[in-house]
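Input: a single structure, listed below in structure tokens.
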Amino acid sequence: MNTLLTCVVAAVVALPMGQGQIVRVEVNGVPGTYDGTPPQIRDGRVLVPVRSVFEQLGATVTWDDEKKVVTAEKEGRHIWMRIGETTALRNDVPVILDVAPQIIEGSTLIPLRFISEALGAKVVWNGIEKLVVITTEPPPALLP
């Protein structure tokens, strides 16, 4: 019995992590919209089209096609990533990514959790629904 259970568990653990599997993303309760390549799981991480999520989070995005570098800025936070590299910069401090930004089907996809948290958002993964929920803190109320 233990041998059978061990074989079943080993088989489940050995299954691929949904490579290229489509996922949904919501930012502050609003579903994301994507032209072309949708968010998806690659190498066990959710990657998203760069412009759509950065813009949903209120960041300004720049793409350097020659250097294959994407940068984003929001409220004094600066992010730099290069296609194929697992070292990104957050406010000029190196951060090691679990998976490098990639070009997939002509779109630049980047690691969702890193960019969201680097811009001050909170990220929750619902594996059952294949849904990423991102929430941002409202700006502090101005005192009279």
Side-chain angles (χ1 to χ4, degrees), residues 4-143:
L4 178 59
L5 180 59
T6 302
C7 290
V8 170
V9 170
V12 170
V13 171
L15 291 175
M17 291 293 297
Q19 191 77 337
Q21 186 175 22
I22 306 299
V23 298
R24 295 180 301 125
V25 177
E26 291 181 359
V27 178
N28 295 323
V30 178
T33 56
Y34 308 96
D35 293 330
T37 308
Q40 53 193 272
I41 298 172
R42 293 285 174 146
D43 299 321
R45 296 290 180 231
V46 175
L47 299 181
V48 292
V50 63
R51 189 161 304 278
S52 57
V53 171
F54 271 139
E55 289 175 352
Q56 277 187 285
L57 292 170
T60 303
V61 182
T62 306
W63 169 250
D64 183 331
D65 192 48
E66 183 178 321
K67 296 178 182 177
K68 303 296 185 219
V69 169
V70 62
T71 58
E73 293 200 37
K74 177 185 177 187
E75 299 170 356
R77 294 181 171 130
H78 180 80
I79 299 169
W80 178 97
M81 291 179 284
R82 184 185 311 267
I83 297 298
E85 290 188 11
T86 55
T87 300
L89 297 176
R90 180 177 55 213
N91 293 335
D92 296 324
V93 176
V95 176
I96 303 301
L97 305 173
D98 292 333
V99 62
Q102 304 172 28
I103 296 177
I104 300 170
E105 298 173 12
S107 295
T108 301
L109 275 73
I110 54 179
L112 176 64
R113 183 171 296 275
F114 168 71
I115 61 166
S116 298
E117 291 177 350
L119 293 175
K122 294 182 181 178
V123 180
V124 175
W125 166 247
N126 179 333
I128 294 170
E129 295 185 30
K130 303 290 185 265
L131 171 66
V132 179
V133 177
I134 302 169
T135 54
T136 59
E137 296 290 326
L142 298 176
L143 298 175

Which atom of [X] lies closest to which atom of [Y], heavy atoms considered:
X	Y	value
Trp63	Lys68	CH2-CA, 3.6 Å
Pro49	Pro39	CD-N, 4.0 Å
Gly58	Lys74	O-CG, 3.8 Å
Lys67	Arg82	O-NH1, 3.0 Å
Met81	Ala88	CG-CB, 3.6 Å

With the side chain counted from C-beta on, respond yes when [X] and [Y] share a heavy-atom pair under 4.5 Å apart, and no when they do not.
X	Y	value
Val25	Leu112	yes
Ile83	Thr108	yes
Val124	Val132	no

Gap between atom [atom2] of [Y] and atom [atom1] of [X] - 0.5 Å precision:
X	Y	atom1	atom2	answer
Ile96	Thr87	CD1	OG1	3.5 Å
Gln56	Asn28	CD	CG	9.0 Å
Trp80	Thr62	CH2	OG1	13.5 Å
Asp43	Thr86	CG	OG1	11.5 Å
Ile115	Arg90	CD1	CZ	12.5 Å

Criterion side chain to side chain contact (heavy atoms under 4.5 Å, CB included) on Phe114 and Asp98, from CA distance to verdict: CA-CA 9 Å; Phe114 168 71; Asp98 292 333; over 6 Å; no
Would Phe54 and Ile110 count as a side chain to side chain contact (heavy atoms under 4.5 Å, CB included) if you check the C-alpha gap in whole Å, the side-chain angles of each, and the deciding distance to 0.1 Å? CA-CA 10 Å; Phe54 271 139; Ile110 54 179; 3.4 Å; yes
Looking at [X] and [Y], would you say the former's side chain and the latter's main chain have a donor-acceptor pair under 3.5 Å?
X	Y	answer
Arg77	Asn91	no
Gln40	Pro38	yes
Ser116	Arg113	no
Lys130	Gly127	yes

Passing candidate, side-chain contact (heavy atoms from CB on, under 4.5 Å) with Leu109, options Thr37, Val46, Ile103, Val48: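 Answer to the side-chain contact (heavy atoms from CB on, under 4.5 Å) test with Leu109 among Thr37, Val46, Ile103, Val48: Thr37.
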Test side chain to side chain contact (heavy atoms under 4.5 Å, CB included) applied to Arg42 and Gln102, step by step: CA-CA 10 Å; Arg42 293 285 174 146; Gln102 304 172 28; 4.2 Å; yes
For Leu119 and Ile79, run side chain to side chain contact (heavy atoms under 4.5 Å, CB included): C-alpha distance rounded to whole Å, both residues' side-chain angles, the deciding distance at 0.1 Å, then the answer. CA-CA 8 Å; Leu119 293 175; Ile79 299 169; 3.8 Å; yes
